[in-house]
Protein chains: 2
Amino acid sequence: MTRTHPQVSTLPGLQLPPRKTYTALSAAIDLEAVFSLLEGRWKLLILFNLFGGQVQRFSDLEKRIDGISQKMLAQQLRQLEADGIVERTDHGEVPPRVDYRMTAWGQALCPALDGLLQWMEQCGQR
Amino acid sequence: MTRTHPQVSTLPGLQLPPRKTYTALSAAIDLEAVFSLLEGRWKLLILFNLFGGQVQRFSDLEKRIDGISQKMLAQQLRQLEADGIVERTDHGEVPPRVDYRMTAWGQALCPALDGLLQWMEQCGQR
DNA sequence: CCGTATCCCCCATGATACTG
DNA sequence: CAGTATCATGGGGGATACGG
C-alpha cells in the first residue's frame, strides 16, 4: 500500500509511534472496524454537530438533527460513547440534564474524514 | 469544522482547487456519499487487492478473496466500475478474459483511507 | 427532559443453480 | 472463464407507545 510517509515530527519531543504494517486482508479488516464505528444512519450527523468542541445536550442534538427519533438518537449516542468517540455527562439533575462532546480521539477523526471529503471533491476532475 | 489547511502547493504550477465549504449537514451528506461508494461486504477487500497498481483478472480476485461468491464479486465490481473507482477491460477473447484495475481517482483513495487507519492506530493511546 | 420497549418492514447478503 | 437468475434470511432502522 502506498503511504503518506515520511512522518514528520512537527513538534520536537512528540514521538509518533511506528506505523503498523498491513496486508490487503488486515487493512480491509481494520478499515471495516473504522466503518462499523461510523456506520449508522445518523452517526455522521451527530459527529459533525460535535466537531468544533461544542457541548450539546440531548435535546440540542434532537433539534439540530432533522428527522431523528429519540430512540435512534439515544442508540447512536450510546454506540459512539461505548466506542470512545463521544463523552457523555449526566449532571444528575431533575429535570434531567445530559450533555455530549467529542473525546480527543474522536476529534482526531475530523481531519481524517476531511481527507475523504477532499477525495470526493476531486471527483469532477477525473 | 477544523481543517487541514493551509494547502501547500508542493509542485509549482500545480493548482489545487479551492476547497468546498461545508455545514454540518452537507459534510455529513457528502461523507455518506463516500461511504455508500465503499460500503458493501467485499469492496474494501477488492480495493486493497488493486491498490498498488496490479491488473487482476476476475478469477484472480476470486482466488485472492476468500469466501466471496461469483455473484457478489461481480456485483461489487459492477458498482465500483459504475462509480468510477475501478476500470474494467474485456479483451473479447474465448475463453473470456476480463481484468480490473484502479482508476486514477480510485487510487487517490489509498492515502485518504490510510488516514483512517492511522486514526484507528491511535486508539490505544486514548 | 431523556430516554426504553415493541412491533414491523425492507434490503443487503448468502446459497444454489444455470449459461455463453 | 466470467458471469446471471432465483429464492431465502436476518438485522438495522422506522413508527409508535410508555416510563422515571
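In what follows, chains carry the letters A, B, and so on, assigned in the order in which the sequence lines appear, proteins first and then strands, with residues in each chain numbered from 1.
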**Study point:** Gap between atoms CG and C1', on A:Leu38 and D:dG12 respectively (whole Å)
**Key:** 16 Å

Point to revise | Under-4.0 Å side-chain N/O to phosphate OP1/OP2 contact, A:Arg97 with C:dC2 | key: no

Review point. Are A:Arg78 and A:Asp83 close enough for a salt bridge, meaning some N to O gap below 4.0 Å?
Key: no

Check your understanding: Counting side-chain heavy atoms from C-beta on, which of C:dC1, D:dA2, D:dG3 comes nearest to A:Pro95?
Key -> C:dC1

Revision key, fill the gap. With B for base contact, S for sugar-phosphate-only contact and - for none (protein heavy atoms under 4.0 Å), nucleotides 4-20 of chain C reads BBB------SBB----B

Exercise for review: Using both pair distances under 3.5 Å as the test, note the stems of at least 3 consecutive Watson-Crick or G-U pairs that include DNA chain D.
Suggested key: C:1-20 with D:1-20

Point to revise | Residues, nucleotides or ligands: over 12 heavy atoms within 6.0 Å of A:Asp90 CG | key: yes

**Study point:** B:Leu47 and B:Leu38, any side-chain heavy atoms less than 4.5 Å apart
**Key:** yes

Check your understanding: Do the non-hydrogen side-chain atoms of A:Lys20 and A:Asp30 ever get within less than 4.5 Å of each other?
Key -> yes

Review point. Which is it for B:Gln79 and B:Lys43 under the side-chain hydrogen bond (donor to acceptor under 3.5 Å, both in side chains) test, yes or no, and what are the steps along the way?
Key: CA-CA 9 Å; B:Gln79 293 176 12; B:Lys43 282 185 185 171; 2.8 Å; yes

Practice item. Could you check how far CD of B:Glu62 sits from P of D:dG3, rounded to whole Å? Key: 10 Å

Practice item. Ignoring backbone atoms, establish whether B:Tyr100 has a side-chain N or O less than 4.0 Å from OP1 or OP2 of D:dG3. Key: yes

Review point. Are B:Ile65 and B:Val55 grouped together when hydrophobic residues (ILVMFWY) are joined by side-chain heavy atoms under 4.5 angstrom apart?
Key: no

Check your understanding: In whole angstrom, what separates A:Asp90's CG from C:dG3's P?
Key -> 7 Å

Exercise for review: Decide yes or no for B:Met102 and B:Ile85: does some side-chain heavy atom of the first lie under 4.5 Å from some side-chain heavy atom of the second?
Suggested key: yes

Point to revise | Short side-chain N/O contact to C:dC1 OP1/OP2 from A:Arg57, under 4.0 Å | key: no

